[in-house]
Amino acid sequence: MAHAASIGRALLSLGLSVMVGIVLLYSRPLLAWEPTRPVEFVIPAGTGGGADQMARLISGIAEKHKLSPQPLIAVNKSGGAGAEGFLYVKEKKGDPHTIIITLSNLFTTPLAQGTPFNWRDLTPVARMALDRFILWVNAETPYKTAKDYLAAVKERSGGENRMKMGGTGSKQEDQIITVQLEHALGVKFTYVPFKGGGEVCVNLVGKHIDSTVNNPIECVSHWKAERVRPLAVFDANRIPDGPWKEIPTVKEALGVDIEYQMLRGVFGPPDMPKDAVEWYAGFLKKIYETPEFKKYLEDGALKPAFATGAEYAKWVEENEKLHKDLMAKGGLLPK
């Protein structure tokens with residue numbers, strides 16, 4: 001009898017131990033999600049431009065500071081004014097190991113081409129910055145001010161020998177600004193599209209085009225080497241950083257109010273898991289706070305503008321409408 005009671009107590013003790021183990025197992029917080037294989041970081045633009053530079057910088061900072069357990073592999077997919085990259089990521093539904101850096105071709109490409117996607121097909125993760133635009137000419141030209149250059153543009157607007165304005169893609173940000181200039185000042189350019197901003201500035205240095213409206217980061221190295229000259233910035237205020245502050249606004253230089261800022265943000269594929277979105281948002285915030293990224297923003301004259309969640313989604317929605325209005329006024333939407 002005593003032996004049976006002993007066995008009973010042993011079984012009861014064992015059962016209690018198992019129950020306690022189960023309770024402890026399921027009461028422990030689950031480990032937070034993080035990448036378990038290399039992350040494909042898609043760039044819907046060519047090499048050397050602003051999007052390419054930012055994506056590769058983020059990848060390098062992550063590796064340097066060990067901010068990700070897996071590397072970020074930058075991949076350029078620039079075809080169709082970025083449509084190749086956006087459609088590629090759209091097909092990666094639910095994949096937590098793919099992200100894409102976005103510029104304003106997120107809006108312009110589907111509006112201009114009727115490409116079967118829009119920003120709602122992707123998952124907003126974080127806005128990293130807003131990029132400005134500058135009117136540049138070759139430093140060897142005689143044009144010291146925007147007024148001098150636009151006077152020359154006007155003289156040649158009526159014939160076939162128009163000034164050539166180079167830009168990234170067709171019916172994208174650079175051409176939107178060019179059309180705004182044409183309408184505001186009664187001039188006409190021959191617009192020449194290239195695959196990326198780096199290529200645009202190289203062609204300005206080589207005198208294959210007469211001007212560009214490149215982002216600051218895309219021409220800054222050539223400016224430092226005194227190969228190009230900035231004439232005006234398309235913003236309400238002057239750039240407050242370093243030597244950039246000497247560049248007048250378009251309103252100061254030409255008396256017309258033309259402002260334009262471009263998105264530098266990150267999205268994930270459709271239906272990206274919530275825990276992955278949260279991880280990337282936190283990861284990108286850490287990137288944003290590093291000295292290297294802050295220096296990059298200052299050196300490249302980008303506006304600090306970190307945002308995630310509802311704030312980011314609201315901004316994207318508002319800017320989609322803005323681009324539709326600007327492109328309609330510029331005659332850049334399909335008939």
Side-chain angles (χ1 to χ4, degrees), residues 32-78 82 85 89 92 95-106 122-132 196-198 201 214-221 224 239-242 244 261-269 272 275-309 311-312 315:
W33 183 90
E34 60 181 19
T36 55
R37 64 174 189 268
V39 175
E40 190 171 17
F41 199 175
V42 178
I43 305 162
T47 57
D52 184 70
Q53 290 184 48
M54 181 178 280
R56 294 179 189 279
L57 176 74
I58 289 171
S59 177
I61 291 174
E63 182 177 1
K64 178 181 178 180
H65 293 284
K66 297 181 170 46
L67 298 178
S68 172
Q70 296 288 335
L72 276 69
I73 310 300
V75 180
N76 295 85
K77 292 184 180 291
S78 62
V89 176
K92 294 273 190 171
D95 181 2
H97 291 89
T98 301
I99 56 175
I100 183 168
I101 192 163
T102 54
L103 42 163
S104 294
N105 63 351
L106 177 69
L122 305 176
T123 302
V125 177
R127 184 182 67 194
M128 301 298 289
L130 293 172
D131 212 345
R132 300 173 172 96
C201 203
N214 264 32
N215 302 123
I217 195 74
E218 294 171 336
C219 260
V220 64
S221 62
K224 288 179 178 177
I239 300 168
D241 306 310
W244 300 104
Q261 294 175 9
M262 186 169 71
L263 172 64
R264 296 288 184 198
V266 176
F267 278 70
M272 177 181 263
D275 53 358
V277 176
E278 291 173 351
W279 186 89
Y280 283 110
F283 160 75
L284 290 168
K285 180 64 173 174
K286 292 174 186 174
I287 293 284
Y288 184 82
E289 296 294 346
T290 62
E292 293 90 343
F293 195 82
K294 290 187 178 299
K295 184 176 187 301
Y296 162 79
L297 293 178
E298 184 174 336
D299 290 349
L302 288 101
K303 280 189 177 179
F306 189 84
T308 58
E311 180 187 358
Y312 183 28
W315 184 92

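Residue L302 forms a side chain to side chain contact (heavy atoms under 4.5 Å, CB included) with just one option from Q261, M262, M54, and that option is M54.
When side chains are defined from C-beta on, Y296 does not count as touching I58, because their heavy atoms never get closer than 4.5 Å. Using a 4.5 Å cut-off on side-chain heavy atoms (C-beta onward), Y280 and V266 make no contact. At a threshold of 4.5 Å between non-hydrogen side-chain atoms, the residues P69 and P35 count as touching. W244 has its side chain out of reach of R132: every pair of non-hydrogen atoms, C-beta onward, lies at least 4.5 Å apart. Counting heavy atoms from C-beta on, the side chains of D241 and L297 never come closer than 4.5 Å. Here the side chains of I99 and F283 are not in contact, with every heavy-atom distance at 4.5 Å or above. The shortest side-chain heavy-atom distance between T36 and P96 does not fall under the 4.5 Å cut-off.
N214 pairs by the side chain to side chain donor-acceptor pair (under 3.5 Å) definition with nothing, not counting sequence neighbours. Applying the side chain to side chain donor-acceptor pair (under 3.5 Å) rule to K286 yields no partners; only residues at least two apart in sequence or on another chain are considered. The side chain to side chain donor-acceptor pair (under 3.5 Å) check on D299 picks up K295, with sequence neighbours excluded. The salt bridge (charged side-chain N to carboxylate O under 4.0 Å, His left out) test applied to E278 returns no partner, not counting sequence neighbours.
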Which is it for H97 and W33 under the ring pair (Phe, Tyr, Trp, His ring centres under 6.0 Å) test, yes or no, and what are the steps along the way? CA-CA 11 Å; H97 291 89; W33 183 90; 5.6 Å; yes
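Atoms OG1 and NE2, from T290 and H65 in turn, are 5.5 Å apart once rounded to the nearest 0.5 Å. For the atom pair CG (L57) and CD1 (I217), the distance works out to 8.5 Å, reported to the nearest 0.5 Å. Atom CZ in F306 sits 10.0 Å away from atom CZ in R127 (nearest 0.5 Å). Distance check, rounded to the nearest 0.5 Å: OG1 of T308 to CG of L284 gives 10.0 Å. The structure places OG1 of T123 at 12.0 Å from CD1 of I100, a figure rounded to the nearest 0.5 Å. From S59, atom OG reaches atom CD1 of I61 across 9.5 Å, with rounding to the nearest 0.5 Å.
Smallest separation of non-hydrogen atoms from W279 and S68: CH2-OG, 3.6 Å. Scanning both residues, P124 and Y312, for their nearest heavy atoms gives CB-CD2, 3.7 Å. Closest non-hydrogen pair, L103 versus P44, comes out as CD2-CG, 4.2 Å. Nearest heavy atom pair, residue I239 against residue P216, reads CD1-CG, 4.5 Å. In this structure, F41 and I101 approach most closely via the heavy-atom pair CE2-N, 3.6 Å.
Side-chain atoms of Q70 never come within 3.5 Å of backbone atoms of V39 as a donor-acceptor pair (strictly under, hydrogens ignored). In this structure, the side chain of R264 does not engage the main chain of D131 through any donor-acceptor pair within 3.5 Å. Between the side chain of Y288 and the backbone N or O of A129 there is no donor-acceptor pair closer than 3.5 Å. Not a single donor-acceptor pair under 3.5 Å links the side chain of N76 to the backbone N or O of V42.
A salt bridge is absent between E298 and K294: the closest approach of a Lys/Arg side-chain nitrogen to an acidic carboxylate oxygen does not fall below 4.0 angstrom.
Within the structure, salt bridge (Lys or Arg N to Asp or Glu O under 4.0 Å) pairs that include any residue of residues 51-73 comprise D52-R56, K64-E292 (at least two apart or interchain). Residue pairs meeting the salt bridge (Lys or Arg N to Asp or Glu O under 4.0 Å) criterion with at least one partner in residues 32-49, sequence neighbours excluded, are R37-D95, E40-K92.
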